[in-house]
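Here, residue 1 is the first one in the sequence, and each next residue gets the next number.
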Amino acid sequence: MKNTTSPLFLLVILVSSLFSSCDFSEKGKTISTQIEQPITYEIPTPKTITEKESKRIYAECKMFYDTMLAPSGFNGGIIVAKGGNIIFEKYKGSINLNGVDSITASTPLHIASVSKTFTAMVILKLQEQGKLLITDTLTKFFPNFNYPGVTVKTLLNHRSGLPNYLYFMNDLGWNKDSIIENGDILQWLIEKKQAIKDIAAADTKFSYSNTNYALLALIIEKVTGKSYPEYLHKNIFGPLGMTNTFVHHRGDTMIRSKSFDWKGREMPDNNLDNVYGDKNIYSTVQDLLKWDRALTNNIFLNAKTLQTAYAPYSNEKPGIKNYGLGWRMNIYGEAKKIIFHNGWWHGNNAAFIRLPTEDATIICLSNRFARSVYSSKLLVNIFGNYFDAAEEDSENIVPSAIPEIFPNETKKNKGKRTEYDFSDRNKKETP
């Protein structure tokens, strides 16, 4: 049978098929015609709790707040919740310590290293989506990265052996008047490896280093094609309704709260304040509770992935303390853990504590340094018999092994180190 289809008709079909496809090429560049659909997450209704239990928890939290937290110079917010029910919630102080602009439920405060929980969970989300493997070496993302054995996983669990950029950038002569970006850290690691001290072989020991999470933020950007702040906003903050949470970066328009030392003196920004991934998220206790709910209910990550996040990876030394993938933890047997992360940057300090067995959450943020913020960990005993407060050492209450203050920002008292002096870089660390 003779084919009667005209050449013009075939041309129309061909052009139509090209324009109906998802992508077309223009000068070698792929342009997507798909509209990116907004992500939405629905947090389940809080679980039922008896009035009797609620009153008991509230009374014990109030006693802690009245006797330990409020008198300590605390300037921020605290929430204690069970099963998603907010049982105790208090706010104290003002943004600038001058009695006006009171801190409220919608006041974003710097959460310091609690930011690492977001960075780590995004990496695991990308693995769930098949966009990377945590066993990938960094040369997959940065071909010139010349540190053998460093994988995404060793960044997550602080076993990469990479030194802390808070120190080596300064030691190698970075201009203190020049702002440091995440990419600068990567570049100096590559170009100045021979001059960098304290590099350890990968996966031989635990060594907490903010460098790890600055690099993880770069990997997120490399894999997603979006900036770290944009990706977190579109995939976590927005979908969870965390309306008062954002990543600070130079040039953004978000209003930031200032930070103050324990005497109420303002602590200015420095050239490290543009690095993110390890810090630089601002949030509220209410928003962080939404983050907790998304994790507890397997909304953002599935249960199997979270099991890997909450597993201990540094077992060289016996003890209850360990580090997972983005989380510190105290382990009291197979089914009983405190999953937490503390944070400290300038005068801001934060505690984000989760009890999976009891489904309880304790969140405390302050923009005026208050050691008592870390003491909020003592509240875990309201929900279960975890530890004797007298036996809980200061390293669990205060992250003394976390050098999150710029080395020059030290305070000395007649030659003796205080809690504000992080100049002792050789202190032995435990997870």
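By the neighbour-count criterion of 12 heavy atoms within 6.0 Å, atom NZ of K153 is sparsely surrounded, having that number or fewer from other residues, nucleotides or ligands. Within 6.0 Å of atom NZ in K258, 12 or fewer heavy atoms from other residues, nucleotides or ligands are found, so the atom counts as exposed in its surroundings.
Aromatic rings from F168 and W174 are positioned such that their centres are separated by 6.0 Å or more. You'll find the ring centres of F145 and Y147 inside the 6.0 Å limit. In this structure, F300 has its ring center under 6.0 Å from that of W291. Taking the ring centroids of F260 and F369, they lie at or beyond the 6.0 Å cut-off. Remark: aromatic rings of Y228 and H233 are distant, center separation not under 6.0 Å. H249 and Y276 have their aromatic ring centers within a separation under 6.0 angstrom.
Ring geometry, F206 versus H158: the interplanar angle exceeds 60°, so the pair is classed perpendicular (tilted spans 30 to 60°). A tilted orientation is assigned to the rings of F352 and W327, their planes being inclined by 30° to 60°. Using the six-membered ring where Trp is involved, F237 and F118 have ring planes that are perpendicular, over 60° apart on the 30 and 60° scheme. Note: H248 and Y282 have perpendicular aromatic rings, judged against thresholds of 30 and 60 degrees for the angle between ring planes.
Side-chain N or O atoms of N381 include none that pairs as donor or acceptor with a backbone N or O of N385 at under 3.5 Å.
Put simply, NZ on K82 and OG1 on T48 are 12.0 Å apart, with the number rounded to the nearest 0.5 Å.
Put simply, the residue from N315, N157, N330 that forms a side-chain hydrogen bond (donor to acceptor under 3.5 Å, both in side chains) with N322 is N315.
The salt bridge (Lys or Arg N to Asp or Glu O under 4.0 Å) pairs that include a residue from residues 353-362 are K47-D359, D292-R354, R293-D359, where partners are two or more places apart or lie in different chains.
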